[in-house]
Protein chains: 2
Amino acid sequence: MKDITPQQNKVLNCIKVYIKGTGFPPTRSDICKEMGFKSPNSAETHLRALEKKGFISIASGASRGITIIGEESEQESGSIETDNYPIIGLVAAGSPTLASENIEKQVPCPSNFFGSPFDYFLRVKGLSMKDAGIMEDDLIAVQKTHDVKNGDIVVARIDDEVTVKYFTKPSNDKIVLEPANDDFSDIEVDLRSEEFFLEGKYIGLIREN
Amino acid sequence: MKDITPQQNKVLNCIKVYIKGTGFPPTRSDICKEMGFKSPNSAETHLRALEKKGFISIASGASRGITIIGEESEQESGSIETDNYPIIGLVAAGSPTLASENIEKQVPCPSNFFGSPFDYFLRVKGLSMKDAGIMEDDLIAVQKTHDVKNGDIVVARIDDEVTVKYFTKPSNDKIVLEPANDDFSDIEVDLRSEEFFLEGKYIGLIREN
DNA sequence: TATTATACTGTATATATATTCAGTATAATA
DNA sequence: TATTATACTGAATATATATACAGTATAATA
């Protein structure tokens, strides 16, 4: 990264401020207004200089195609792997697929946040796991796995209904899903007659407030 | 915020992904490419619907003038601010100072993870806030502040004892700290005779397993 | 039943915008 | 000394882009 001149730094900063304010990068003309230039070429040459020095990239042909480079310095210096994880709404019926229509939003989170790796966040509906400290609208980190033990909290799907419960398998063709709330009763699944799908395992929890 | 349709959610998500990838919002034509539409008006009408429902704003006349509403992190220059936050053990006695002997470890976490900013994590001891879904060994994100309202969950210190409770101030010289567990009783603090220090406010919660 | 919202295709166009070209001027290099 | 980088004005233009208009079709509401 070559040296930046004071004036180029001003332009770079003005671009950052513009993006922060509007959510999208400025045009050459916008930069002129902000900086007091009278010709769009003033902005153009500054942009080309900033591109040459590696501070920005410019998408050819596209309008407002400026991308600020090197803003991820935090992650690099700390050498922490941060990933984006989708938040999936636990709809009353239907599987919690990662299809985009089910994704509430993406949240950045260090990938080793909970010790064990996980694949997505599920937004909890209902209070059936209240006594385990899992409340309505909590986000639980879910690992897509079929490797669960008795006593694990799992995300399971029975006939298109998704639920979070304690897992027990007392015999080879029977599974019991136990809530952590006296107001709810156990769900017993006969694997010979009923459909059962294990979406994954509860790894951790986040409560936004 | 009105209800979003699955298709509109797809479009919204596609805009977010585009911004994340390029640093600037898509054109109508870009959205068509991503979504498989054959007419720019398909994107246009979806954008107008999303605008009407409050998910985005559209700058009139400007190219790529889409702003995602209600999401500070994603569109701001593309990068995510990740900080290291100390985990402080809630020792039975003693204040939760940030002195190094009290710090269990540092964990990386996006600084806007809980919506509100926070200063440290506190490891919870005991089950006095069980019914609020705060369990033993949970990590609660604490913001150092004295600006609390009745009903907020706070971290308070009374005579070197640190506790997490619901906060109420019924009169000028009295504070009531209420647990969320019938097995515990309210703590009443007479500010004229007893020492009381407000360490901060509960912002969010993380459970590692 | 009429109306509105959703979800599209397809065409057209004014204008917003990137980008090139022609200059001027100063300071820093080689 | 010639060259290159910086720092601008001013004008011109191809095209990228928003946006309106004309349709079609389905489902949900009033």
Quiz item: Which dot-bracket string fits DNA chain C when only Watson-Crick or G-U wobble pairs with both atom distances under 3.5 Å count, crossing pairs get [ ], and | stands for a partner on a different strand?
Solution: ||||||||||||||||||||||||||||||
Practice problem: With a 4.0 Å heavy-atom cut-off, tell me which residues in residues 57-64 of chain A come close to DNA chain C, sorted by residue number. | Solution: A/Ser60, A/Gly61, A/Ala62, A/Ser63, A/Arg64
Distance-only donor-acceptor pairs under 3.5 Å for side chains of residues 33-42 of chain B, two or more places apart:
| from | atom 1 | to | atom 2 | distance (Å) |
| --- | --- | --- | --- | --- |
| B/Ser39 | OG | B/Asn41 | N | 3.1 |
| B/Ser42 | OG | B/Ser39 | O | 3.3 |

Quiz prompt | Intermediate values then yes/no, side chain to side chain contact (heavy atoms under 4.5 Å, CB included), A/Phe24 and B/Ser63 | solution = CA-CA 9 Å; A/Phe24 44 86; B/Ser63 64; over 6 Å; no
Practice problem: Classify the nucleic acid contact of A/Gln7 as base, sugar-phosphate or nothing, counting any heavy atom under 4.0 Å across all strands shown. | Solution: sugar-phosphate
Using atom types as modelled, flag every donor-acceptor pair under 3.5 Å from a side chain in residues 126-134 of chain A to any protein atom, sequence neighbours excluded.
| from | atom 1 | to | atom 2 | distance (Å) |
| --- | --- | --- | --- | --- |
| A/Ser128 | OG | A/Lys165 | NZ | 3.1 |

Quiz item: So, is A/Lys53 near the phosphate of D/dT6, with a side-chain N or O under 4.0 Å from OP1 or OP2?
Solution: yes
Quiz item: Does A/Asp173 pair with A/Arg192 as a salt bridge, N-O distance under 4.0 Å?
Solution: yes
Exercise. Dump the intermediate steps for side chain to side chain contact (heavy atoms under 4.5 Å, CB included) on B/Ile175 and B/Ile187, then the final yes or no.
Key: CA-CA 8 Å; B/Ile175 279 170; B/Ile187 300 173; over 6 Å; no
Quiz item: With a 4.0 Å cut-off on heavy atoms, is B/Thr27 in touch with a base, just the backbone sugar-phosphate, or nothing at all?
Solution: sugar-phosphate
Quiz item: According to a strict under-4.0 Å criterion, is B/Thr5 in side-chain N/O contact with OP1 or OP2 of C/dT6?
Solution: no
Quiz item: For the rings on B/Phe197 and B/His146, is their centre-to-centre separation under 6.0 Å?
Solution: yes
Quiz prompt | Spacing between B/Arg28 atom CZ and C/dA7 atom P, to the nearest angstrom | solution = 17 Å
Quiz item: Does a side-chain N-to-carboxylate-O contact under 4.0 Å join B/Asp137 and B/Arg207?
Solution: no
Quiz item: Taking the side chain of A/Pro40 as its heavy atoms from C-beta onward, which of D/dT19, D/dA11, D/dT6 lies nearest to it?
Solution: D/dA11
Quiz item: Looking at A/Leu50, A/Thr27, A/Ile56, which one forms a side-chain contact (heavy atoms from CB on, under 4.5 Å) with A/Ile66?
Solution: A/Ile56
Quiz prompt | Check ion pair B/Glu188-B/Lys174 (N to O, under 4.0 angstrom) | solution = yes
Quiz prompt | Atom-to-atom span, CG of A/Leu47 to P of C/dT17 - whole angstrom | solution = 14 Å
Practice problem: For residues A/Ile58 and A/Arg48, determine if any side-chain heavy atom of one lies less than 4.5 Å from a side-chain heavy atom of the other. | Solution: yes
Practice problem: Could you check which residues of residues 29-39 of chain B get a heavy atom under 4.0 Å from DNA chain D? Sort them by number, please. | Solution: none
Quiz item: Which whole-number value in Å describes the distance from B/His46 NE2 to C/dA5 P?
Solution: 15 Å
Exercise. Round to the nearest Å and state the distance from B/Glu44 atom CD to D/dA20 atom P.
Key: 7 Å
Quiz item: Ion pair present between A/Asp138 and A/Arg123, side-chain N to carboxylate O less than 4.0 angstrom?
Solution: no
Quiz item: Can you tell me if B/Asp152 and B/Tyr202 form a side-chain donor-acceptor pair at under 3.5 Å?
Solution: no
Practice problem: Quickly work out the A/Ile4 CD1 to D/dT6 C1' distance and round it to whole Å. | Solution: 13 Å
Self-check item: A/Phe114 and A/Ile206, any side-chain heavy atoms less than 4.5 Å apart
Solution: yes
Practice problem: Starting at atom CZ of A/Phe24, determine the distance to atom P of D/dT17, rounded to an integer number of angstrom. | Solution: 14 Å
Practice problem: Round to a whole Å and report the spacing from CG of A/Asn9 to C1' of D/dA5. | Solution: 17 Å
Kindly give the atom pairs (protein nitrogen or oxygen, nucleotide nitrogen or oxygen) under 3.5 Å for nucleotides 23-30 of chain D.
none

Self-check item: Whichever of B/Gln8 and A/Arg48 has its nearest DNA chain C nucleotide further upstream toward 5'
Solution: B/Gln8
Exercise. Find out whether A/Val164 and A/Val154 are in side-chain contact, i.e. whether some heavy atom of one side chain is under 4.5 Å from a heavy atom of the other.
Key: no
